[in-house]
Amino acid sequence: MDPMDIVGKSKEDASLPKEFINLVSSESNDVCNREEKRTIAPEHVLKALEVLGFGEYIEEVYAAYEQHKHETMQDSLKGGKWSNGAEMTEEALLAEQQRMFAEARARMNGGAAVPKQADVDSNVES
């Protein structure tokens, strides 16, 4: 498959040959090892593309990476664990924090009973 065949296609339509993926992955791993890192980072992949002679794709790959990063952040803000905090009042957040602390204490104390929500609420008010 000619690399230019994937330009302009949707995520579902775009695919790369396994040999290309293996080649870039292997070189990315080598770059990572040369830098004495344990995890392949995006900059390792970009360097691998350059080393392998695919430098003309670096700008487009980097742009796709930035778009993916942006979309991932938006998705996590919309449906992730942070969305509930933005909608809760300060009192509700404090009550939730106290409940979570009580659960953690109970786990540390060998499974002692966790106070009911009413008990946590009364502790917050005092």
Side-chain angles (χ1 to χ4, degrees):
M1 169 186 258
D2 181 14
M4 293 307 293
D5 289 344
I6 65 167
V7 177
K9 292 188 176 183
S10 70
K11 290 178 185 177
E12 294 79 25
D13 293 336
S15 64
L16 296 171
K18 288 182 183 178
E19 291 78 14
F20 177 77
I21 298 296
N22 288 335
L23 180 65
V24 173
S25 298
S26 178
E27 185 61 36
S28 299
N29 188 50
D30 291 346
V31 171
C32 180
N33 288 333
R34 282 193 297 268
E35 294 183 8
E36 298 180 0
K37 303 290 183 181
R38 300 181 83 188
T39 304
I40 297 174
E43 54 269 13
H44 299 137
V45 176
L46 296 174
K47 179 67 174 174
L49 289 172
E50 181 182 324
V51 168
L52 293 170
F54 296 107
E56 67 270 17
Y57 299 112
I58 290 175
E59 188 175 323
E60 188 174 346
V61 168
Y62 185 77
Y65 166 66
E66 287 295 318
Q67 180 181 351
H68 168 74
K69 200 164 61 167
H70 177 74
E71 289 172 359
T72 302
M73 185 179 359
Q74 292 301 318
D75 289 346
S76 66
L77 291 175
K78 286 180 190 172
K81 60 183 179 182
W82 303 111
S83 63
N84 292 338
E87 298 169 5
M88 295 175 76
T89 65
E90 188 172 340
E91 293 80 19
L93 288 170
L94 183 57
E96 178 67 10
Q97 181 184 38
Q98 294 299 322
R99 184 191 64 75
M100 292 169 72
F101 284 154
E103 284 180 3
R105 276 192 297 274
R107 285 192 303 271
M108 288 183 65
N109 293 329
V114 177
K116 296 178 187 171
Q117 187 64 33
D119 293 341
V120 173
D121 290 340
S122 65
N123 290 338
V124 172
E125 293 173 5
S126 4

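Nothing fancy with the numbering, it's 1 onward along the sequence. In this text the structure is predicted, and so the values were computed from the model without any measurement.
- Each of V31 and I58 belongs to its own hydrophobic cluster when Ile, Leu, Val, Met, Phe, Trp and Tyr are linked at side-chain heavy-atom distances under 4.5 angstrom.
- Rounded to the nearest 0.5 Å, atoms CZ (F20) and CG (L49) are 5.5 Å apart.
- Applying the salt bridge (Lys or Arg N to Asp or Glu O under 4.0 Å) test to every pair with at least one member in residues 40-59, sequence neighbours left out, gives these pairs: K47-E50.
- Here the straight-line distance linking atom CG of L16 with atom CD1 of I21 works out to 4.5 Å at 0.5 Å rounding.
- Annotation: side chain of M100 is not in contact with side chain of Q97 (no heavy-atom distance under 4.5 Å).
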Side-chain polar contacts of residues 32-41 - donor-acceptor pairs under 3.5 angstrom, sequence neighbours left out - could you list them?
unit_1 : atom_1 : unit_2 : atom_2 : d
N33    : ND2    : N29    : O      : 3.3
R34    : NH2    : E27    : OE2    : 3.3
E35    : OE1    : H44    : NE2    : 2.9

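- Although no hydrogens or angles enter the test, the distance criterion places a donor-acceptor pair under 3.5 Å between the side chain of T72 and the main chain of H68.
- Remark: of the listed residues K69, Q74, Q67, Q67 is the sole one forming a side-chain hydrogen bond (donor to acceptor under 3.5 Å, both in side chains) with E71.
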